[in-house]
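These notes concern the structure reproduced below.
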Amino acid sequence: MAIKVLVVDDSSFFRRRVSEIVNQDPELEVIATASNGAEAVKMTADLNPQVITMDIEMPVMDGITAVREIMAKCPTPILMFSSLTHDGAKATLDALDAGALDFLPKRFEDIATNKDEAILLLQQRVKALGRRRIFRPITRPSVAPVTPRPTTGSAVGNATTPVQSASAPVRSSPLSSIRASGKQYKLLLIGTSTGGPVALQKVLTQFPANYPHPILLIQHMPAAFTPAFASRLNGLCKIEVKEAANGDILRPGCAYLAPGGMQMMVERAGVTGRIKVLAGSAEMNYKPCVDITFASASKAYGGDVLAVVLTGMGADGREGARMLKAAGATIWAQDEASCVVYGMPQAVASTGIATQSISLDNMAESILKESARG
């Protein structure tokens with residue numbers, strides 16, 4: 001049965017174009033369109049769509065207000081469309097805080113190399129949200145060893161996109177059963193994509209100001225968004241959060257967010273680490289790319305790394321995590337039940353690269369336990 005989609009935008013042209021693209025996929029069906037947030041709230045209650053695409057700036061009721069009302073009355077996965085501007089980035093982050101799960105630029109061709117890729121990208125994002133087995137977040141503590149499972153999905157270029165399994169989640173064990181390994185680390189890495197802004201905020205706001213290690217954050221995000229996202233995290237967190245710049249010296253208790261549209265690498269500079277920010281190859285599917293940062297950390301820090309793969313579409317991070325594991329690093333994945341899209345975490349879990357599958361609710365506490373110096 002096709003995934004039912006509600007398209008919301010004040011532009012009749014954009015409503016029509018998005019509807020055409022969505023309906024091209026036999027697994028998707030636009031069941032209605034709305035021209036403002038108020039109509040969207042009513043149609044969501046009446047029609048029960050499985051996914052909503054939502055504009056931000058609309059008359060009568062804007063997209064952010066509509067997201068809040070929909071999430072309060074009838075929670076539904078929402079994909080936001082945003083302009084690639086500073087104000088657009090701030091508004092999109094507000095929409096994610098309100099409950100939206102993902103976003104694309106209003107001109108989604110801007111993050112694709114050709115028209116066909118842009119069409120496929122939109123269709124994949126909508127399907128990924130529509131396939132969520134459980135929408136309402138699970139707050140029950142959940143930490144369990146990973147059991148390898150086969151990966152399924154579609155592909156864009158060289159990027160495999162696993163989707164959530166319809167099977168029951170891995171049986172959970174209490175957080176109290178997890179004991180710190182006693183291993184000494186020098187660096188924390190966190191890679192994520194779809195659902196990542198909210199997940200990173202949830203994790204990082206629980207870190208104390210004296211967190212003992214530098215943190216590298218790799219979030220798939222356009223260049224216009226990363227300065228606003230780093231600034232928002234810095235205002236919410238006790239640790240310092242900044243957009244990474246070429247030549248930054250790594251400091252404990254500071255998180256460095258990979259700049260959108262660029263690649264972030266790390267190298268050793270004596271006893272400390274230094275960040276390199278590069279344009280990277282035009283053929284790369286992701287800018288920034290989790291694999292590239294993870295791979296550079298495996299060479300610079302070897303096994304002295306704790307790497308965490310959070311919610312996200314695709315398999316970015318799997319090969320870099322494989323290199324880290326071979327060097328002796330510790331790899332964790334977010335569990336299926338708490339992911340927006342169980343793609344990237346599944347890629348490292350199903351292959352046995354990750355040693356633990358941990359719920360988002362318990363991730364910060366687990367990291368703090370494991371990061372504590374012996």
Side-chain angles (χ1 to χ4, degrees), residues 146 157-160 181-193 196 200 211-221 226 230 241-310 312 314-334 344-345 347-349 351-356 367 370-371 373:
V146 171
N158 296 323
T160 301
S181 67
K183 184 175 178 178
Q184 297 295 299
Y185 297 99
K186 295 180 180 176
L187 184 65
L188 171 64
L189 306 175
I190 305 179
T192 185
S193 182
L200 286 172
Y211 182 78
H213 312 301
I215 306 162
L216 299 186
L217 308 174
I218 312 95
Q219 162 74 56
H220 294 169
M221 187 173 272
T226 44
V241 183
K242 69 183 298 288
E243 185 181 45
N246 190 51
D248 277 347
I249 300 298
L250 298 186
R251 295 181 285 110
C254 184
Y256 303 83
L257 178 68
M262 305 293 283
Q263 301 296 354
M264 179 174 68
M265 302 177 70
V266 61
E267 60 184 3
R268 293 301 286 269
V271 296
T272 62
R274 175 183 292 132
I275 287 176
K276 291 178 64 177
V277 175
L278 308 170
S281 169
E283 288 74 35
M284 293 300 300
N285 287 313
Y286 305 110
K287 293 184 179 181
C289 175
V290 180
D291 277 329
I292 286 179
T293 304
F294 278 21
S296 71
S298 73
K299 297 175 182 177
Y301 284 86
D304 298 331
V305 175
L306 173 59
V308 179
V309 179
L310 299 179
D316 187 24
R318 177 177 57 199
E319 298 311 312
R322 196 189 306 276
M323 294 176 66
L324 281 166
K325 187 177 180 70
T330 301
I331 315 297
W332 288 351
Q334 184 176 344
M344 289 166 56
V348 295
T351 52
I353 297 170
T355 57
Q356 295 288 342
I367 291 172
E370 183 69 12
S371 300
R373 297 191 185 278

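What you see is a predicted model; the values in this text were computed from it and never measured.
With contacts defined as side-chain heavy-atom distances shorter than 4.5 Å, the pair T355/K325 qualifies. Under the 4.5 Å side-chain criterion, counting only non-hydrogen atoms from C-beta, L200 is in contact with L217. Between L324 and L189, some side-chain heavy-atom pair lies under the 4.5 Å cut-off. I367 places a side-chain heavy atom less than 4.5 Å from the side chain of W332.
With T272 contributing its side chain and A269 its backbone, the two residues share a donor-acceptor pair below 3.5 Å. Side-chain atoms of T330 do not come within 3.5 Å of backbone N or O of L306 as any donor-acceptor pair. Without hydrogens or angle criteria, Q263 side chain to A279 main chain gives no donor-acceptor distance under 3.5 Å. Checked by atom type and distance alone, the side chain of D316 never pairs as donor or acceptor with a backbone atom of C289 at under 3.5 Å. In this structure, the side chain of T192 does not engage the main chain of G312 through any donor-acceptor pair within 3.5 Å.
Remark: S296 OG to L278 CG distance equals 9.5 Å, nearest 0.5 Å. Rounded to the nearest 0.5 Å, atoms NZ (K276) and CG (N246) are 8.0 Å apart. The CG atom of L250 sits 5.0 Å away from atom CD1 of I275, with the distance rounded to the nearest 0.5 Å.
Minimum interatomic distance between I218 and M264 (heavy atoms only, all atoms of both residues): CG1-CE, 4.1 Å. Minimum interatomic distance between R318 and V348 (heavy atoms only, all atoms of both residues): CA-CG1, 3.7 Å. Shortest non-hydrogen contact noted between R268 and V271 is NH2-O, 3.7 Å. Across all non-hydrogen atoms, the minimal contact from G317 to F294 is O-CD2, 3.9 Å. Here the shortest heavy-atom pairing between P345 and A333 reads O-CB, 3.8 Å.
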Ignoring hydrogens and angles, write down the donor-acceptor pairs under 3.5 Å from the side chains of residues 253-262, residues two or more places apart or on other chains.
| from | atom 1 | to | atom 2 | distance (Å) |
| --- | --- | --- | --- | --- |
| Y256 | OH | I249 | O | 3.0 |
| Y256 | OH | R251 | N | 2.9 |

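Ring pair Y286/H220 is parallel by interplanar angle, where below 30° counts as parallel and above 60° as perpendicular.
Note on residues 290-307: pairs passing salt bridge (Lys or Arg N to Asp or Glu O under 4.0 Å), not counting sequence neighbours, are K186-D304.
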